[in-house]
Amino acid sequence: MALQLKEYTSVTEVAGPLMIVEGVEGAGYGELVDIRLSSDEKRRGQVLEIDGPRAVIQVFEGTKGIDTARTRVRFTGDPIKLPVAREMLGRIFDGTGQPIDKRPEILPDAFRDIHGAPMNPTAREFPREFIQTGISTIDGMNTLVRGQKLPIFSGSGLTHNELAAQIARQAKVLGEGEEFSVVFAAMGITFEEASFFMKDFERTGALEKVTAFLNLANDPAIERIITPRLALTTAEYFAFELGMHVLVILTDMTNYCEALREIAAARSEVPGRRGYPGYMYTDLSTLYERAGRMKDKPGTITQMPILSMPDDDITHPIPDLTGYITEGQFVLSRDLHRRGIYPPVDVLPSLSRLMKGGIGGERTRDDHANVSDQLYSAYAEGRDLRNLVAIVGEEALTDRDKRFLEFSDRFEKEFVTQDRDEDRSIERTLEIGWRLLSILPERDLKRIGADYIKKYHPAYKEGAKEASDKE
Amino acid sequence: MVKGSISKIAGPVITADGMKGSQMYEVVRVGDERLIGEIIELEENRAVIQVYEETVGMKPGGVVEGSGAALSVELGPGLLRMIYDGIQRPLEKIKEQTGDFIERGVDVPSLSRTEKWSFTPVVKKGDKVESGDILGEVPETEVIRHKVMVPPGVSGEVLSVAKSGDYTIEEMIVTLKTESGKTEISMLQKWPVRIGRPYKEKLDPTVPLLSGQRIFDTFFPLAKGGTAAIPGPFGAGKTVSQHQLAKWADADVIVYVGCGERGNEMTEVLEEFPNLEDPKTGKPLMERTVLIANTSNMPVAARDASIYTGATIAEYYRDMGYNVALMADSTSRWAEAMREISGRLEEMPGEEGYPAYLASRLAEFYERAGRVTALGSDGREGSLTMIGAVSPPGGDFSEPVTQNTLRITKVFWALDASLADRRHFPSINWLRSYSLYMDAVEPWWSDEISSMWRELRDKSMALLQKESELKEIVQLVGEDALPDRERLVLEAARMIREDFLQQNAFHEIDTYCSPKKQFEMLNLMIEFYNRADDAVSRNIPAKDITDLATIGEIARLKFVPEDEFEAKIVEIKKALNEEIRSLVDKYVER
């Protein structure tokens with residue numbers, strides 16, 4: 001940059017992730033700050049608050065080693081921008097966007113403000129394109145569509161990484177061969193977890209379609225604030241400039257929120273629930289709302305954030321606020337996991353809000369919505385009965401109840417359970433659904449239209465004779 | 001005008017010096033980009049300002065310029081069918097200027113200055129008019145005739161009136177001779193958003209706001225001019241319920257405020273409403289709708305403004321004599337915006353970090369609802385009904401926003417995650433919800449539908465209550481251990497739950513159910529119960545009754561179109577008679 005920027009050495013206070021510089025002139029709120037330590041190491045920060053000549057700066061790489069005597073600070077006058085280019089595909093960056101794959105720096109096509117801007121609701125197009133993930137609990141009961149933001153609510157020790165990798169591997173839109181890519185942002189996950197994903201991408205040959213931003217557990221926590229923003233800025237460039245369909249995986253959002261809390265605490269802000277800042281909802285929404293599709297653009301951004309619920313508590317502020325912003329959630333269950341079920345998706349609290357627009361005759365199959373509703377209510381009833389059996393014993397059940405019990409057991413074994421490489425088509429998923437529903441008395445299939453029962457119920461399909469016998 | 005300079009920037013809140021002479025809640029322009037802000041605290045020379053746009057890049061020393069006026073909305077023809085942001089900027093126009101993403105510093109008028117409206121006067125020279133009197137009419141959309149009114153605080157004698165014809169909203173259409181001289185009136189009015197528009201008198205609500213949703217209309221009715229809260233955890237169906245109300249409520253005008261919610265939800269309304277037909281007028285629903293969208297990632301201060309903007313626009317149509325319904329989704333996001341701003345002001349926090357004035361702000365807002373006699377000599381009545389969604393953290397209703405809202409609103413529709421999990425929609429818990437308008441709307445139901453309404457509704461509630469008690473016993477001993485009459489209660493309650501309360505918002509026919517059909521459906525179910533109870537008391541086994549084919553027919557009644565259901569009910573009653581008679585033959589006559 002030709003312009004000579006003023007350098008300050010007036011750091012007066014360093015506390016946690018924050019640094020205070022006095023005597024500042026002309027620095028703007030939110031702008032990028034270059035910091036040079038006495039050891040000549042370079043770090044970056046962002047202005048969080050300006051009060052007259054006093055600037056509060058959050059330092060992304062942490063404040064370790066910063067002193068108040070010789071540290072030099074330069075205000076760049078610009079918000080944080082990320083250089084973006086098509087060649088970022090297949091590359092690996094650290095949590096601040098520096099390449100770490102021992103390949104050269106990228107040649108930027110453009111620079112983008114990493115905070116993005118809100119999408120105008122009138123420019124959005126409502127997402128309706130069915131993504132087949134090959135996983136029955138998702139395709140059949142919580143359908144994912146292009147441009148949706150659908151998180152995985154998990155807990156420590158559950159198989160969320162395997163599930164996310166399987167989705168990334170298998171996801172496709174039926175009958176289309178458009179350009180597709182994955183942007184992967186790791187926030188505070190372990191090396192092993194990150195390496196699991198990278199190896200999986202490599203094994204399936206997807207690596208050249210993946211852009212990864214890795215902030216690992218031993219990287220500075222404050223860096224996590226910008227890592228997802230870098231990923232989403234890249235995704236926006238791929239989707240809305242280059243016309244790609246991008247799947248963004250953000251993991252683990254819990255670590256991101258912890259970093260937010262750390263900054264809030266360092267600034268002595270009034271805390272909201274459980275010490276998380278009151279603006280966490282707004283902050284999370286500026287990430288999640290960057291998913292979507294637009295009327296005049298071919299590309300889309302589908303988001304799949306992963307978060308581990310502390311103590312499996314879905315009412316914890318992190319899953320709670322996430323669920324209020326995202327368009328549904330997949331909830332993993334420790335109970336199913338313990339019983340060896342993969343993927344351990346508990347369908348009852350899971351939800352896809354955009355499902356109704358993405359399914360049906362033209363997109364999946366005409367009976368899809370009915371079958372899904374029926375599976376839900378039958379499984380819910382079966383689960384209730386399990387509790388009852390625990391008290392009164394199975395003998396006390398009526399014949400009808402026993403069938404519901406059998407249904408819910410087989411539902412978990414045959415519908416929910418599948419192999420880690422099993423890619424089920426939507427037809428296959430619905431077929432399994434029908435097979436299970438045929439356990440139940442036909443008059444209890446209240447959520448399914450009579451014409452679909454005639455068309456798809458195994459009792460009618462297996463031959464007209466059987467059907468007429470039934471009547 | 002007051003001109004000061006920025007001294008401190010912290011997120012959406014900035015502090016400016018040299019602001020002596022400014023007023024509380026005055027609108028100011030901040031920095032080179034002239035971003036819109038509002039003064040929320042004054043101390044000698046200093047003013048604390050909440051800025052309605054992103055403040056990144058603002059620098060100390062930047063210019064802050066007062067406007068002398070409080071944050072106001074523009075009122076006039078052209079509001080309907082629009083989608084605005086929180087400070088009433090049309091999003092379509094913003095898109096024309098900055099493209100698919102909302103950049104800051106956009107300055108666009110709320111109402112078009114060039115569009116012409118066909119004005120027909122209803123006053124003539126020499127008429128004496130007072131505040132609120134109608135001067136003329138404009139067909140704003142296919143369904144709403146916009147009434148051009150004398151602004152509040154103005155009265156006098158008409159000196160001249162424009163002829164019928166096409167005018168822009170800024171052209172003068174009437175000149176009045178007032179006490180202080182002459183006043184010219186155009187179709188455009190401005191009103192400060194934080195002050196409720198005046199009316200003559202508030203009246204008690206008496207007419208139900210019908211929404212075609214069975215659990216609302218029959219079980220927990222809302223009255224026109226009333227207030228309702230709909231709290232629930234995520235995924236329980238708040239937004240679908242609000243959308244259903246916005247679609248089918250029998251109000252004349254709908255103002256829908258998307259406050260801190262998802263962008264795709266607003267897009268859905270925008271895509272869907274122009275294609276949906278209002279059951280009352282047969283015209284697209286968009287023709288009566290105003291949308292205010294402050295999505296969650298838009299600036300937080302504008303979230304606070306969006307609620308007031310919506311309320312003021314709603315009051316304006318109320319003043320014309322219309323029944324207006326305002327949906328705010330979600331008021332929790334508004335409360336959180338207050339909390340965020342309050343935190344930045346370093347105010348002493350109340351419960352859970354919310355400011356101490358949370359309760360009074362909520363109360364002030366909901367109190368703007370009501371059935372009123374509007375200003376004007378014709379004594380016309382209008383109403384404003386308010387329905388606020390609440391998003392309690394973790395679905396816990398004991399949190400401050402839910403509790404403070406319930407203290408004010410008269411109807412409580414409690415959403416329940418466990419119902420949603422089993423896809424019982426609308427997932428409104430019938431035992432926790434309540435309506436304090438039962439007595440107020442009973443005469444209407446009695447006159448328009450049937451005098452049996454209240455009795456039927458109370459009886460159904462009693463069955464549901466009884467069911468919940470019996471279920472506790474069933475949990476311990478199993479259903480087989482219950483006596484037949486009680487098993488029948490379970491069957492009847494199940495029928496009410498599944499076949500009446502459950503309603504599919506996405507089913508072509510079931511999405512809307514007329515009050516007549518609601519009544520007849522419930523009537524049939526209770527009749528079934530009475531007949532069955534009678535049969536059981538004559539020693540017919542409950543099992544035979546729960547196997548009756550008629551039960552399936554009753555279940556499918558919700559999918560029978562409005563013009564066929566009466567015939568269908570007659571048919572079912574006949575079949576029921578026959579089935580019961582054959583049971584009697586089988587068991588009793590033998």
Side-chain angles (χ1 to χ4, degrees), chain A residues 26-31 49-52 79 115-127 240 269-273 278-279 281-282 285-286 289-290 292 294 296-297 315 317 320 323-325 327-329 348-349 351 354 356 369 373 376-377 380-381 388 391-392 396-398 443 446, chain B residues 7-11 55-61 83 91-92 94-95 99-103 233-235 260 262-264 266-268 270-271 293 295-298 300 333 336 339-340 343 346 349 352-353 391 393-396 417 421-424 474-480 498 506 552 555:
Chain A
Y29 171 74
E31 77 180 41
E49 186 180 312
I50 301 180
D51 190 355
H115 293 96
M119 248 184 239
N120 192 319
T122 60
R124 279 182 188 268
E125 180 159 336
F126 196 71
F240 302 132
E269 290 174 7
V270 177
R273 274 210 307 154
Y279 50 79
Y281 175 85
T282 309
S285 74
T286 60
E289 277 288 327
R290 289 172 84 174
M294 285 198 276
D296 318 321
K297 307 250 162 86
T315 67
D320 191 52
Y324 275 121
I325 306 165
E327 284 139 355
Q329 66 278 337
L348 295 188
L351 171 72
L354 305 185
K356 61 178 191 291
D373 277 355
Y376 262 111
S377 71
E381 189 162 350
L388 186 60
I391 302 167
V392 298
L397 294 187
T398 62
R443 53 171 288 189
K446 281 192 185 163
Chain B
S7 61
K8 177 179 172 183
I9 308 126
T55 52
V56 165
M58 291 257 160
K59 293 176 178 172
I83 175 164
L91 285 169
E92 289 281 357
I94 294 181
K95 188 182 159 206
D100 292 339
F101 293 92
I102 300 174
E103 306 292 338
F234 62 83
R262 303 175 185 90
N264 273 333
M266 295 316 290
T267 308
E268 188 181 7
L270 280 176
E271 283 185 15
T295 60
S296 54
N297 56 342
M298 289 188 194
V300 66
R333 305 299 161 225
E336 281 166 12
R339 175 167 71 181
E340 182 170 344
E346 296 172 5
E352 287 191 21
S391 318
D396 170 15
D421 283 356
R422 58 194 59 223
R423 299 307 187 255
H424 174 115
V474 170
Q475 281 293 325
L476 294 175
V477 296
E479 195 175 323
D480 277 347
E498 292 181 5
F506 307 112

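Residue numbers start from 1 in every chain, and the chains themselves are labelled A, B, ... in the order their sequence lines are given, proteins ahead of strands. Bear in mind the structure is a predicted one, so any value in this text is a computation, not a measurement.
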Asker: Among all residues two or more places apart in sequence or in another chain, which pass the ring pair (Phe, Tyr, Trp, His ring centres under 6.0 Å) test with A:Y281?
Answerer: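 Checked A:Y281 against ring pair (Phe, Tyr, Trp, His ring centres under 6.0 Å); zero matches.
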Asker: Using every non-hydrogen atom in the two residues, find where A:V270 and B:G353 come nearest and quote the distance to one decimal.
Answerer: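 Closest pair (atom of A:V270, atom of B:G353, distance): CG1-CA, 4.3 Å.
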Asker: With a 4.5 Å cut-off on heavy-atom pairs, point out which of A:G328, A:P127, A:S377, A:A369 contacts chain B the most.
Answerer: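 The residue among A:G328, A:P127, A:S377, A:A369 with the greatest pair count is A:P127.
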Asker: Given a strict heavy-atom distance threshold of 4.5 Å, which part of B:E346 is in contact with chain A: side chain, backbone, both, or neither?
Answerer: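 Neither the backbone nor the side chain of B:E346 comes within 4.5 Å of chain A.
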Asker: Let's test your reading of the structure: which of A:G30, A:A117, A:G323 forms the most heavy-atom pairs below 4.5 Å with chain B?
Answerer: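 When all of A:G30, A:A117, A:G323 are compared, A:G323 has the most.
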Asker: Using 0.5 Å steps for rounding, measure from the OH atom of A:Y324 to the CZ atom of B:R262.
Answerer: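 Reported to 0.5 Å precision, the distance equals 10.0 Å.
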Asker: Side chains of A:R124 and B:M266, heavy atoms from C-beta outward: is any pair under 4.5 Å?
Answerer: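 No. Closest side-chain heavy atoms not under 4.5 Å.
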Asker: What residue in B:R333, B:K59, B:K95, B:E103 has the most heavy-atom pairs under 4.5 Å with chain A?
Answerer: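 The option with the most such pairs is B:R333.
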Asker: Do A:E381 and B:R422 pass the side chain to side chain contact (heavy atoms under 4.5 Å, CB included) test, and can you show the C-alpha distance, the side-chain angles, and the key distance before you say yes or no?
Answerer: CA-CA 8 Å; A:E381 189 162 350; B:R422 58 194 59 223; 5.7 Å; no
Asker: So, taking the atom named CG in A:L351 and the one named CZ in B:R423, what distance separates them when rounded to the nearest 0.5 Å?
Answerer: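 Interatomic distance, A:L351 CG to B:R423 CZ, rounded to 0.5 Å: 5.5 Å.
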Asker: Can you confirm whether B:I102 sits close enough to A:N120 that some side-chain heavy atom of one is under 4.5 Å from a side-chain heavy atom of the other?
Answerer: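 The answer is yes, as the side chains (C-beta and beyond) meet within the 4.5 Å cut-off.
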Asker: Counting heavy-atom pairs under 4.5 Å to chain B, which of A:I325, A:T315, A:I391 comes out on top?
Answerer: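 When all of A:I325, A:T315, A:I391 are compared, A:I325 has the most.
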Asker: Does any heavy atom of chain A fall under 4.5 Å from the side chain of B:P393, the backbone, both, or neither of them?
Answerer: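 For B:P393, heavy atoms of backbone and side chain both lie under 4.5 Å from chain A.
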Asker: Answer with side chain, backbone, both or neither: which region of B:L270 has an atom nearer than 4.5 Å to a non-hydrogen atom of chain A?
Answerer: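 The answer is the side chain of B:L270.
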Asker: If I measure from the heavy atoms of chain B, does A:Q329 come under 4.5 Å with its side chain, its backbone, both, or neither?
Answerer: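 Side chain only.
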Asker: Evaluate the criterion side chain to side chain contact (heavy atoms under 4.5 Å, CB included) for residue pair A:T122 and B:I83; output intermediate values, then yes/no.
Answerer: CA-CA 8 Å; A:T122 60; B:I83 175 164; 3.5 Å; yes
Asker: Just how far is it from atom CG of B:N264 to atom CE of A:M119, taken to the nearest 0.5 Å?
Answerer: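 The CE atom of A:M119 is 8.5 Å from CG of B:N264, to the nearest 0.5 Å.
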Asker: With only heavy atoms counted, which part of B:E92 is less than 4.5 Å from chain A, the side chain, the backbone, both or neither?
Answerer: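 Both backbone and side chain of B:E92 come within 4.5 Å of chain A.
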Asker: Checking B:E268 against chain A: side chain, backbone, both or neither under 4.5 Å from a heavy atom?
Answerer: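 Answer is both: backbone and side chain atoms of B:E268 are under 4.5 Å from chain A.
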Asker: Run the salt bridge (charged side-chain N to carboxylate O under 4.0 Å, His left out) test against B:R339 and tell me which residues pass, sequence neighbours left out.
Answerer: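 Here no residue qualifies.
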Asker: Pick whichever of B:G99, B:G394, B:P60 has the most heavy-atom pairs under 4.5 Å with chain A.
Answerer: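 Winner by heavy-atom pair count: B:G394.
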Asker: Locate the shortest heavy-atom distance separating B:V474 from A:L388; write the atom from each residue and the value.
Answerer: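 Closest pair (atom of B:V474, atom of A:L388, distance): O-CD1, 3.5 Å.
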Asker: Of all the heavy-atom pairs spanning A:S285 and B:S296, show the shortest one and how long it is.
Answerer: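 What the structure gives for the nearest pair is OG-O, 2.9 Å.
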Asker: What option among B:D396, B:D421, B:I94 has the most heavy-atom pairs under 4.5 Å with chain A?
Answerer: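 Heavy-atom pairs under 4.5 Å are most numerous for B:D421.
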Asker: For A:I50 and B:M58, work out which heavy atoms get closest and say how close.
Answerer: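 So the minimum-distance heavy-atom pair works out to CD1-O, 4.4 Å.
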Asker: Among B:E271, B:E498, B:H424, B:E352, single out the residue with the greatest number of heavy-atom pairs under 4.5 Å to chain A.
Answerer: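 Maximum pair count with chain A is reached by B:E271.
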Asker: Do the side chains of B:K8 and A:E49 get close enough for a salt bridge, i.e. N-O under 4.0 angstrom?
Answerer: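 Here B:K8 pairs with A:E49 in a salt bridge, since their nearest N and O are under 4.0 Å apart.
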Asker: With chain A, which of B:S391, B:A555, B:P233 has the greatest number of heavy-atom pairs at distances under 4.5 Å?
Answerer: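 Top option by heavy-atom pairs under 4.5 Å: B:S391.
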Asker: Of the listed residues (A:P317, A:G292, A:A27, A:G116), which shares the most heavy-atom pairs with chain B below a 4.5 Å separation?
Answerer: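 If we count pairs closer than 4.5 Å to chain B, A:A27 comes out on top.
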Asker: Do the side chain of A:Y29 and the main chain of B:A10 share a donor and acceptor less than 3.5 angstrom apart?
Answerer: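 Between the backbone of B:A10 and the side chain of A:Y29 there is no qualifying donor-acceptor contact (under 3.5 Å).
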Asker: Looking at every non-hydrogen atom in both residues, tell me the closest pair between B:M298 and A:P118 and how far apart they are.
Answerer: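 Distance-wise, the nearest heavy atoms are CG-CB, 4.1 Å.
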Asker: Could you check which of A:E125, A:E269, A:K356, A:E31 has the highest count of heavy-atom pairs closer than 4.5 Å to chain B?
Answerer: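 Sorted descending by pairs with chain B, the first entry is A:K356.
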Asker: Under a 4.5 Å heavy-atom cut-off, does chain A meet the side chain of B:T295, its backbone, both or neither?
Answerer: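 For B:T295, the side chain is the part near chain A, not the backbone.
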